[in-house]
A.B. asks: 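Mind looking over this structure? Questions follow.
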Amino acid sequence: MILPDGLAERIKACNSTYTVRFGVRLRGRMYSFTGWRSVHSEHVEPAKGGIRYDESSTAEEVEALAALMSLKCALVDVPFGGSKGALCINPKDWDVHELERITRRFTQELAKRNLISPGRNVPAPDMGTGEREMAWMADEYKRTGPSDIVNANACVTGKPLSRGGIAGRTEATGRGVQYAIHCFLRDRAHQGVAGRHDLKEMKIVIQGFGNVGYHAAKFLSEDDGAHIVCIAERDGYIYNPTGLDVESVKKHQLTTGSILGFEGAVSSPNTAEGLEVECDILIPAAMEGAITAENAHRIRARLIAEAANGPIAAEAEPIIWRNGVVILPDLFVNAGGVIVSYFEWVKNLTHIPFGLMERRRRERRNSQITAVLETMTGKDFPEDIRDEFLEGGSELDLVRSGLDDVMRGAYEKMSQTLRDHPEIKDFRTAAYHIALSRIADAYKAIGI
Ligand code: GLU
């Protein structure tokens, strides 16, 4: 793909990165905090992307992640530019009330520069943040006296359901990971995973057991019958060749503070080794740079689904390809979060829950269809699917259906790109090709 002179440079660089330093009086003294919000691209507005709370964050990292958001949104075709934010903080160092005060101060700083606003920049959860922080941010934004108060709830996504959130947002990234793997396995243009096209009893290794890793593991094991043989975390990994009970591991982690010591699994403090356990699918769901040139040749998976942002270092990628491992890239695999954020944002702006107008009508129609079928055939409608068939579609059903549809659309586009461009050999390049073409077209159309 050849871009007109100068356009590649325009797209490559972040448009702006704001560094904010603010003080909050806590525990009888003043504490200073540093944060960033970077806007990579405003070819479509608002710009969208999470805010992470992490001590190791840097401005460069935030800029790279903002660029990835532009590409992600363009690939799955949701109408957002790319942005990202971070606050350099270890959330575990502060109690809930302190975190609330810090988050509210941070929000005030962002609001001053339109870096939180329904039409300009819409943050969301990321590492170390969740619906609690989003609720504080939305509330604080409203207190800044925005002129568009009626739409103020759309200033962040990932809010709790009771504060203008949407059903299924918390689980969305994990659900998207599941749908992404389904897309690949359904595609007969590929060999599946070692010739297999379903997930039953497939061996899966998950790195990172936070929101994304936990939900992906839960759905793949509970819905698809896959075996989660290994879960790796910061302090080590647990392994059971016949599969771990994901829900029990989560309970153990919540009560003891670690996955290690989980009964019915071997525990090891060597996190790196966990990634190297032989499996069908490896899902890095923690941080960037989990797989580097140093450990890439020891990966014994057949498919890697990048649930985290940037888990494979650029130098590691050719090593992985050489070993015949297929990589499904982050901008596709973990797009579920921003896709459902898009639904939440639309819900906030339309001020009407999804499905409200049609649900009862659809239920009535389905009930008529079952009655007619029963009369015509003289048989009862099968009990096991009756309830599901009659149901008019809850918000959660609609969110899942929409997410599935967007994921399938993006996969189909990548597949098509691989077919149309024999020089493109991998999914990441195909995804970049699609995303960059869309961003370039948007820039060309507005003449910059
Ligand atoms: N933080 C998530 C991501 O990296 C979600 C972003 C959003 O919903 O705006 O994709």
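Whatever order the structure lists them in is the order used to number ligands and atoms, beginning at 1. Just so you know, residue 1 is the first one in the sequence shown, and it goes up from there.
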A.B. asks: Looking at Glu131 and Lys159, is there a salt bridge between them, counting it only when a charged N and a carboxylate O are closer than 4.0 Å?
C.D. replies: no
A.B. asks: So does Glu278 pair up with Lys203, basic N to acidic O under 4.0 Å?
C.D. replies: no
A.B. asks: Got the closest protein heavy atom to atom 8 (O) of ligand 1, with its distance?
C.D. replies: Ser341 OG, 2.5 Å
A.B. asks: Is Glu344 close enough to touch ligand 1? Criterion: a residue heavy atom under 4.0 Å from a ligand atom.
C.D. replies: no
A.B. asks: Mind checking whether Phe427 and Tyr411 have ring centres under 6.0 Å apart?
C.D. replies: yes
A.B. asks: Under a 4.0 angstrom heavy-atom cut-off, which atoms of ligand 1 come close to Gly49?
C.D. replies: 9 (O)
A.B. asks: Which of the atoms in ligand 1, numbered in the order shown and given with their element, are less than 4.0 Å from a heavy-atom of Lys48?
C.D. replies: 7 (C), 8 (O), 9 (O)
A.B. asks: Among all residues two or more places apart in sequence or in another chain, which pass the salt bridge (Lys or Arg N to Asp or Glu O under 4.0 Å) test with Glu133?
C.D. replies: none
A.B. asks: Students often mix this up, so state it plainly: with edges at 30° and 60°, are the rings of His190 and Phe184 parallel, tilted or perpendicular?
C.D. replies: tilted
A.B. asks: Val338 heavy atoms, cut-off 4.0 Å: which ligand 1 atoms fall inside?
C.D. replies: 7 (C), 8 (O), 9 (O)
A.B. asks: As a test of understanding, state which of Ile102, Thr103, Val24 forms a side chain to side chain contact (heavy atoms under 4.5 Å, CB included) with Trp94.
C.D. replies: Ile102
A.B. asks: Quick one: does ligand 1 sit under 4.0 Å from the side chain of Asn309, the backbone, both or neither, non-hydrogen atoms only?
C.D. replies: side chain
A.B. asks: Please list, in number order, the atoms of ligand 1 under 4.0 Å from a heavy atom of Ala124.
C.D. replies: 6 (C), 7 (C), 8 (O), 9 (O)
A.B. asks: Among all protein heavy atoms in this structure, tell me which lies nearest to atom 6 (C) of ligand 1, with the distance rounded to 0.1 Å.
C.D. replies: Gly50 N, 3.7 Å
A.B. asks: Going by the atom numbers of ligand 1, which of them fall below 4.0 Å from some non-hydrogen atom of Arg169?
C.D. replies: 5 (C), 8 (O)
A.B. asks: Return the residue, atom name and 0.1 Å-rounded distance of the protein heavy atom closest to atom 3 (C) of ligand 1.
C.D. replies: Lys72 NZ, 3.4 Å
A.B. asks: For ligand 1, which is the ligand I care about here, please tell me if Asp126 has any N or O atom under 3.5 Å from one of the ligand's N or O atoms.
C.D. replies: yes
A.B. asks: What atoms of ligand 1 come within less than 4.0 Å of a heavy atom belonging to Lys84?
C.D. replies: 1 (N), 3 (C), 4 (O)
A.B. asks: Closer than 4.0 Å to some heavy atom of Met69 - which atoms of ligand 1 meet that?
C.D. replies: 3 (C), 4 (O), 6 (C), 10 (O)
A.B. asks: Determine the interplanar angle of the Tyr214 and Phe209 rings, folded into 0 to 90°, and report it as parallel if under 30°, tilted if 30 to 60°, perpendicular if over 60°.
C.D. replies: perpendicular
A.B. asks: Given that the side chain starts at C-beta and the backbone is N, CA, C, O, which of these parts of Pro125 lies under 4.0 Å from ligand 1, counting heavy atoms, or is it both or neither?
C.D. replies: backbone
A.B. asks: Find all atoms of ligand 1 within a distance of less than 4.0 Å from any non-hydrogen atom belonging to Gly337, and give their numbers and elements.
C.D. replies: 8 (O)
A.B. asks: Taking 4.0 angstrom as the limit, do Lys444 and Asp441 come out as a salt bridge?
C.D. replies: yes
A.B. asks: Would you mind checking if Arg400 and Glu395 are paired as a salt bridge, meaning a charged N to carboxylate O distance below 4.0 Å?
C.D. replies: no
A.B. asks: Students often mix this up, so state it plainly: with edges at 30° and 60°, are the rings of Phe262 and His252 parallel, tilted or perpendicular?
C.D. replies: perpendicular
